Structure formats: structure tokens, C-alpha cells
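Presented below is the structure to which this report refers.
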Amino acid sequence: MPALALIDMNNFYVSCERVFRPDLEGRAVIVLSNNDGCAIARSQEAKDLGIKMGDPWFKIRDAYRRAGGVGLSSNYALYGDMSARIGDVLAQFSPDIETYSIDESFVSLEAVPPQSRFQLAKDMATTVRRWIGISCCVGIGPTKTLAKLANFTAKKRLLDNNGVADLMDEERRARAMAVIPVGEIWGIGRASATKLNALGVETAADLLRVDRRLVRNVLTVVGERIVAELAGESCVDLDLEPPPQKGCAVTRSFGRSICEWTEMEEALAFYAARAGEKLRRQNRAASVMQVFMHTNRFNGDPPYSNAATARLPEATTDTRDLIAMALVLGRRIWRPGYRFAKAGVILDELVDASAVQRSFLVDPDRRGKSAPLMAVIDDINNRMGNGTLTLAATGICRHWKMQAGMRTSRYTTRWDELARVR
DNA sequence: TCTGGGGTCCTAGGACCC
DNA sequence: TCTGGGGTCCTAGGACCC
């Protein structure tokens with residue numbers, strides 16, 4: 001029987017911050033989304049104060065601070081780098097790893113003798129804790145869904161475990177599933193949980209007992225697959241090699257609303273340029289672009305929301321093409337008189353950049369010069385820092401940019417922001 | 001004043017074809 | 001009196017994940 005471990009960092013973003021800010025240990029700490037919008041990571045102390053995932057910062061700020069809580073802007077440079085380091089540690093334990101998200105990895109334990117799996121999982125957790133400074137939980141199960149469930153079991157200490165839970169054994173599995181709400185199962189979100197509850201299905205164990213055809217009726221094949229996985233039948237393979245991305249988006253709320261086309265133009269150009277950088281990093285070219293913009297949905301501003309999509313003459317990675325198209329599409333949906341809160345550039349139908357289907361409409365001479373030019377720009381920005389060389393269309397002042405006033409230093413990726421020892 | 005961003009997958013329904 | 005059937009492709013929207 002196959003065996004998988006799921007390693008999941010505890011309160012990952014907060015834990016990253018605490019590695020470099022030990023003064024935050026023992027205190028309520030939350031990390032905020034872009035623009036300091038809402039809480040996206042919470043320390044245990046913050047959870048105990050009643051802070052919920054997604055709570056808007058401006059609503060909780062005052063009371064939270066009075067209670068001694070700390071709010072931090074998100075520092076993705078730091079979290080991304082810590083995540084890569086954790087990946088290096090895990091790679092020492094097994095070659096068969098799927099990096100599932102910034103703070104979670106699946107590790108195949110198939111080659112590990114059953115009696116050694118638990119100890120190996122413990123060793124992984126202690127090593128990550130000791131070398132990186134971040135604690136984590138490990139769940140072991142025969143399928144991905146059960147490994148996730150085991151991880152939940154470990155996090156909530158539902159069985160007699162401490163940070164590691166092994167659910168390979170069917171009897172232990174049944175005991176855990178009897179107390180785990182359906183909504184905690186991987187792939188069962190709010191909508192599905194509500195439907196299941198209406199059918200009297202409250203726990204994972206309940207779901208396992210439901211007739212599969214009924215599950216398929218209510219939750220489509222997605223639900224059917226989840227039940228199979230819960231029963232120990234593997235339906236979701238380990239992805240050792242991340243599959244190439246199909247789309248790529250740069251979307252962002254503005255630091256303050258945009259009312260002028262000149263500013264929207266700048267923002268769209270900036271987003272398109274960022275999208276281009278992402279594409280080139282993955283050696284992909286985009287065939288289709290969508291641009292959208294909308295007003296604030298919450299504050300009573302007159303609502304307007306629109307999107308425009310077009311196919312590029314030829315799949316491209318060239319920032320100039322992307323900006324030009326973004327502005328054409330943006331112009332099409334721009335309406336004066338509204339206060340825009342957010343916009344985005346979405347690229348679709350990504351293809352391998354070295355195998356682009358060519359078009360007669362594109363000047364071959366320009367095409368030949370595009371890749372070297374972009375490579376030079378990227379290289380300069382990599383060496384001298386992001387934003388060293390930009391296209392003028394992306395703006396200079398960027399008054400619309402997001403707020404991140406409470407961001408900690410990029411300790412591990414910027415020489416000028418290294419931690420200081422006094 | 002202030003409510004995130006970036007992905008994936010699935011389905012239903014319309015348009016179109018023969 | 002009588003108004004087909006079966007297939008594909010595309011898109012928008014929903015649901016979910018972290």
C-alpha cells in the first residue's frame with residue numbers, strides 16, 4: 001500500500017517573522033494581506049483573541065492593538081525564501097517530494113519500511129525546526145486526502161500524538177474520522193459542507209458511509225474522488241515535477257482609488273510588465289490576455305466592473321507587446337467618473353516560449369531582437385534589484401501602489417536588510 | 001480612509017456543425 | 001398533423017485550494 005507524508009508548517013508566515021523577531025514570541029501576531037487589507041495568518045495567541053482568517057484590518061485594528069496584538073504587512077520575499085530552505089531540508093530525507101504550496105509538501109514514503117515511517121516523519125519535523133527555526137506537523141496516510149486528514153489530526157492532537165499522526169492503520173483512521181467535521185476534508189469547502197450537512201452528513205466518517213452515486217449527484221466527480229481517497233483508493237497522484245502553469249495573473253487593489261485614465265494606464269502597464277517577468281521566468285509565452293477593473297464593492301461607491309479579452313497576434317513574452325495590449329483592452333472598458341479600486345492583467349493559454357506558433361503579421365526582425373532585449377532587462381533587474389530598469393509606461397511615482405507600512409525587513413534576500421546583531 | 005492574490009478544475013449552456 | 005439527434009467547442013461562473 002502506498003504511503004505519503006504531508007508536512008505543513010505551523011502558522012507559516014507568523015513563524016517566519018518570529019525567526020527574525022524573537023520578541024514576537026508569545027505575543028498575538030497576525031500577517032496582513034496585500035494593502036494591509038485583512039488577516040491571512042495568525043499566531044495561536046491571535047486566534048485565542050478571536051481574530052478570524054480574513055478579518056479586515058481596519059475593523060479589528062484598534063481593539064486588537066489594545067489587547068497587545070501586533071499586525072505585520074506581508075513579506076513574501078522572506079516567506080518564499082524560507083520556503084525554499086525548508087524544501088532543501090526535506091530533500092535530504094526523500095527524493096520524491098511534491099512542493100504543494102509555500103508551506104506544505106507531500107513526501108512519498110513508499111520506499112520506507114512501515115515500521116520506520118513514524119520515526120522518519122518525526123526526524124523531518126525536528127530537523128526543520130532545528131535548522132530553519134519553524135515548527136511543523138506531519139500526517140501520514142495512504143492517499144493525499146488521508147495524509148491531509150492525518151495532518152489535521154496531528155495539528156489538533158485528536159489522537160494520542162504530538163505533531164505527527166499516522167493514519168495508515170484503518171482502525172485509527174476510523175477513530176479520527178469520527179470526530180473530524182466534513183468541512184475540514186481537503187476539497188470540501190463551505191458550499192459542499194452545507195449541502196452535506198443538509199443530508200445529515202456531519203463528519204468524515206459519515207461521508208465515507210454515503211452511497212457514492214449520491215455523492216456524485218450532490219458534489220459531482222470531485223466529491224466522488226474525495227470519498228474514494230478517504231477510503232484509501234488513490235485518485236490524486238504525487239506531482240514530482242510541477243506541471244507548467246496554464247495561466248498567470250497580476251491583479252492588485254490600489255493603495256487609493258484611481259479616477260484618472262493616466263493613472264490606470266500606468267497601473268495596467270505596471271501589471272503587464274510584472275506578468276511578462278513571470279512568464280519569462282517560467283519560459284512561457286502568453287496567447288491570450290484579459291484585463292479587468294472594478295470599483296470598491298464594499299464602500300457604497302457607484303459600482304462598475306468589466307473585463308476585456310483578446311488574443312495576441314502571436315504568443316509573446318515581450319513586455320512591450322503585453323503593455324500595448326493591456327492598454328488597448330483597458331481603454332475599451334475604462335469609464336470616466338468611477339472610483340476604481342482594483343485592476344488586473346491575466347494571461348492565458350501559456351505555451352512553451354521556445355515553441356511559439358508564428359504569425360505572418362509579426363515582423364520577424366523585431367521578433368528576433370525581442371528575446372535578447374528582454375533577457376538583458378531581466379538580467380539587470382536580477383543583479384541590481386527589481387525595478388532598476390523599467391519601461392516608462394509603468395510610471396515613476398506610482399501613487400496608486402499598495403500600502404505595506406508594517407513590513408519587516410527582507411532579512412534573507414537583501415544585503416542591505418540583513419538582521420543586525422548588537 | 002481602510003475588506004488579498006494567484007492558481008486549478010468542473011459544469012452548464014449556448015453556438016455551431018452535419 | 002407536423003418542429004431531430006448527436007456531437008464538439010467555447011465561455012462564464014462556481015467551487016475549491018493556499
Side-chain angles (χ1 to χ4, degrees), chain A residues 6-9 11-13 30-42 51-62 64 71 73-76 79-80 83 98-106 144-145 148 151-152 182-196 216-226 235-236 239 242-257 271 274-275 278-279 282 284 288 290 292 294-301 305-309 311 339 341-350 402-406:
Chain A
L6 176 69
I7 295 118
D8 187 323
M9 302 302 125
N11 314 325
F12 182 56
Y13 294 173
I30 62 177
V31 171
L32 301 167
S33 64
N34 273 342
N35 242 354
D36 296 339
C38 54
I40 53 168
R42 305 158 295 155
I51 306 295
K52 299 273 180 301
M53 201 70 167
D55 275 353
W57 175 234
F58 76 95
K59 281 190 184 166
I60 58 171
R61 183 178 46 208
D62 292 348
Y64 174 69
S73 305
S74 37
N75 186 348
Y76 287 105
Y79 314 147
S83 174
E98 173 184 339
T99 305
Y100 175 66
S101 77
I102 195 164
D103 76 326
E104 280 173 76
S105 295
F106 288 103
K144 280 185 165 177
T145 306
K148 287 283 268 187
N151 195 279
F152 181 81
V182 266
E184 298 293 346
I185 299 168
W186 191 40
I188 305 284
R190 244 213 344 241
S192 303
T194 308
K195 285 184 197 165
L196 290 170
R216 193 186 179 117
N217 268 334
V218 181
L219 301 183
T220 76
V221 290
V222 182
E224 202 181 13
R225 211 149 47 205
I226 292 170
C235 304
V236 192
D239 264 325
Q245 273 182 224
K246 301 184 167 178
C248 152
V250 179
T251 74
R252 218 135 291 172
S253 302
F254 305 123
R256 57 161 178 74
S257 296
Y271 296 171
R274 291 305 304 268
K278 281 199 203 177
L279 276 183
Q282 306 171 46
R284 308 286 282 169
V288 169
Q290 178 176 70
F292 74 85
H294 62 73
T295 54
N296 190 320
R297 302 190 301 281
F298 302 102
N299 68 356
D301 277 357
S305 171
N306 209 347
T309 309
R311 183 166 291 275
R339 296 167 45 77
K342 180 174 176 177
V345 172
I346 302 170
L347 303 176
D348 259 311
E349 291 183 36
L350 305 192
M402 65 172 188
Q403 315 292 311
M406 299 169 292

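For clarity, every value in this text was computed on a predicted model and none was experimentally measured. Protein chains get the first letters and strands the later ones, always in sequence-line order, with residue 1 at the start of each.
Of the candidate nucleotides dT8(B), dT3(B), dG5(B), dT8(B) has the atom nearest to the side chain of Gln245(A). Comparing atom distances between the Val250(A) side chain and each of dG4(B), dG6(B), dT3(B) picks out dG6(B) as nearest. Side-chain proximity of Lys278(A) to dG6(B), dC16(C), dG4(B): nearest is dG6(B). With dC18(C), dG6(B), dC16(C) as the choices, the nucleotide that has an atom nearest any side-chain atom of Ala191(A) turns out to be dC16(C).
As a whole-Å value, the separation of Lys59(A) NZ from dT1(B) P is 14 Å. Remark: P of dC18(C) and CG of Asn11(A) are 14 Å apart, rounded to the nearest angstrom. One can place CG of Asn35(A) at 8 Å from P of dG4(B), the figure rounded to the nearest angstrom. Asp239(A) has its CG atom 16 Å from the P atom of dC18(C), to the nearest Å. For the pair Ile30(A) CD1 and dC2(B) P, the interatomic distance rounds to 19 Å; values are reported in whole Å. What separates CH2 of Trp186(A) from P of dC18(C) is a distance of 8 Å, to the nearest Å.
Of the residues Asn296(A), Asn299(A), Asp301(A), the one that meets the side chain to side chain donor-acceptor pair (under 3.5 Å) test with Arg339(A) is Asp301(A).
With a cut-off of 3.5 Å on both pairing distances, the Watson-Crick and G-U wobble pairs of DNA chain B assemble into stems of 3 or more at B:5-18 with C:5-18.
Every residue two or more places apart in sequence or in another chain that forms a side chain to side chain donor-acceptor pair (under 3.5 Å) with Glu349(A) is listed here: Arg311(A). For the side chain to side chain donor-acceptor pair (under 3.5 Å) test, residues two or more places apart in sequence or in another chain that qualify with Asp103(A) are Ser101(A). Not a single side chain to side chain donor-acceptor pair (under 3.5 Å) links Asn217(A) to another residue, sequence neighbours left out. In terms of the side chain to side chain donor-acceptor pair (under 3.5 Å) criterion, residue partners of Trp186(A) (sequence neighbours excluded) are, by chain and number, Tyr100(A).
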task: Quick one, give me the B/S/- string for nucleotides 9-14 of chain B, reading 5' to 3', where B means a protein heavy atom under 4.0 Å from the base and S means that only happens at the primed atoms, P, OP1 or OP2.
output: SSS---
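In this structure, Tyr76(A) and Tyr79(A) have perpendicular ring planes: the angle between them is above 60°, well past the 30° mark.
Using a 4.0 Å heavy-atom cutoff across all strands shown, Ile185(A) reaches sugar-phosphate atoms only and no base atom.
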